[in-house]
Amino acid sequence: QVQLVESGGGLVQSGGSLRLSCAVSGRTFSMYAMGWLRQAPGKEREFVAGISRSGDKTYVADSVKGRFTISRDNAKNTVYLQMNSLKPEDTAVYYCALKYILRSDYVPASTADFGFWGQGTQVTVSS
């Protein structure tokens, strides 16, 4: 069974940066479109960013556009989320998520697009 292990979360001041990583087990990483979701206390899980199987197409939510960048390294079975100019409202548990897909140009664009996600990593942004 595939496993997703997120890392890189922590406490950072407003305006700071963090880089999240997600290592995916198994030999079929290149068959997954990947993404990041987040869930703040008392709120529903929301979409943050998605990336196609090859990594040439990405999509990010309007709330993080211009600040967050998603990328992947298929040789390392890892997907990343670079987060810059962090704000207190970015505080949440961040989840790595995947979708098995045959289309190489498919980019996930909503929470409902994903079928599986990891345990999450906490990101806390202080004001």
Side-chain angles (χ1 to χ4, degrees):
Q1 184 175 351
V2 65
Q3 289 187 323
L4 290 74
V5 180
E6 301 97 336
S7 62
L11 174 63
V12 64
Q13 288 187 335
S14 182
S17 297
L18 282 175
R19 188 194 196 202
L20 304 183
S21 299
C22 173
V24 181
S25 65
R27 300 180 178 181
T28 57
F29 180 71
S30 62
M31 294 300 297
Y32 301 127
M34 300 296 299
W36 291 91
L37 312 173
R38 69 184 181 185
Q39 187 167 19
K43 295 187 177 181
E44 293 187 354
R45 193 167 297 182
E46 66 173 350
F47 172 85
V48 176
I51 189 167
S52 62
R53 285 170 44 193
S54 65
D56 60 340
K57 297 183 185 297
T58 63
Y59 179 77
V60 297
D62 288 343
S63 58
V64 304
K65 193 168 293 182
R67 301 188 297 120
F68 290 12
T69 303
I70 186 171
S71 62
R72 65 190 292 166
D73 185 339
N74 284 357
K76 296 183 178 179
N77 281 21
T78 302
V79 62
Y80 306 97
L81 185 67
Q82 178 67 44
M83 306 186 295
N84 299 328
S85 301
L86 282 161
K87 305 175 182 180
E89 51 263 45
D90 294 319
T91 295
V93 177
Y94 283 72
Y95 299 89
C96 173
L98 65 80
K99 178 180 179 65
Y100 182 88
I101 188 78
L102 295 180
R103 279 179 52 194
S104 61
D105 62 344
Y106 174 84
V107 182
S110 71
T111 301
D113 289 342
F114 297 100
F116 190 76
W117 47 84
Q119 294 299 308
T121 185
Q122 176 70 46
V123 171
T124 303
V125 184
S126 62
S127 57

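Just so you know, these numbers use all the heavy atoms, side chains as well, and skip hydrogens, waters and symmetry mates. Keep in mind that this is a model prediction, so the values were computed, not measured.
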Please tabulate, for side-chain N and O atoms in residues 16-30, each donor-acceptor pair with protein atoms closer than 3.5 Å (sequence neighbours left out).
residue, atom, partner, partner atom, Å
Ser17, OG, Asn84, OD1, 3.0
Ser25, OG, Gln3, N, 2.7
Thr28, OG1, Tyr32, OH, 3.1

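For Gln119, the CD atom is loosely surrounded, since the number of other residues' heavy atoms within 6.0 Å does not exceed 12.
The closest side-chain heavy-atom distance from Tyr100 to Val2 is not below 4.5 Å. A heavy-atom distance below 4.5 Å is not found between the side chains of Ser104 and Ser54. Gln1 is listed as a side-chain neighbour of Phe116, based on a closest heavy-atom distance under 4.5 Å. Residues Val123 and Met83 are in side-chain contact: their nearest non-hydrogen atoms beyond the backbone lie under 4.5 Å apart.
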Please report the C-alpha distance between Gln122 and Thr91 in whole Å, then the side-chain angles of each, then the deciding distance to 0.1 Å, and finally whether the side-chain contact (heavy atoms from CB on, under 4.5 Å) criterion is met.
CA-CA 8 Å; Gln122 176 70 46; Thr91 295; 4.0 Å; yes

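Pairing each heavy atom of Val79 with each of Ser71, the nearest pair is CG2-O, 3.1 Å. Listed here is the closest heavy atom pair of Leu102 and Met31: CD2-CE, 3.6 Å. Here the closest heavy-atom approach between residue Arg53 and residue Arg103 is recorded as CD-O, 3.7 Å.
Judged by distance alone, the side chain of Glu6 and the main-chain N or O of Cys96 form a donor-acceptor pair under 3.5 Å. Side-chain N or O atoms of Arg67 include one that pairs as donor or acceptor with a backbone N or O of Ser85 at under 3.5 Å. Counting only distance, with no hydrogens or angles, the side chain of Arg72 and the backbone of Ser52 share a donor-acceptor pair below 3.5 Å.
Between Asp62 and Lys65, at least one side-chain nitrogen of the basic residue sits less than 4.0 Å from a carboxylate oxygen of the acidic one, meeting the salt-bridge criterion.
Atoms CZ and NZ, from Phe114 and Lys99 in turn, are 9.0 Å apart once rounded to the nearest 0.5 Å.
Residues meeting the ring-ring contact (aromatic ring centres under 6.0 Å, His included) test with Tyr59, sequence neighbours left out: Phe47.
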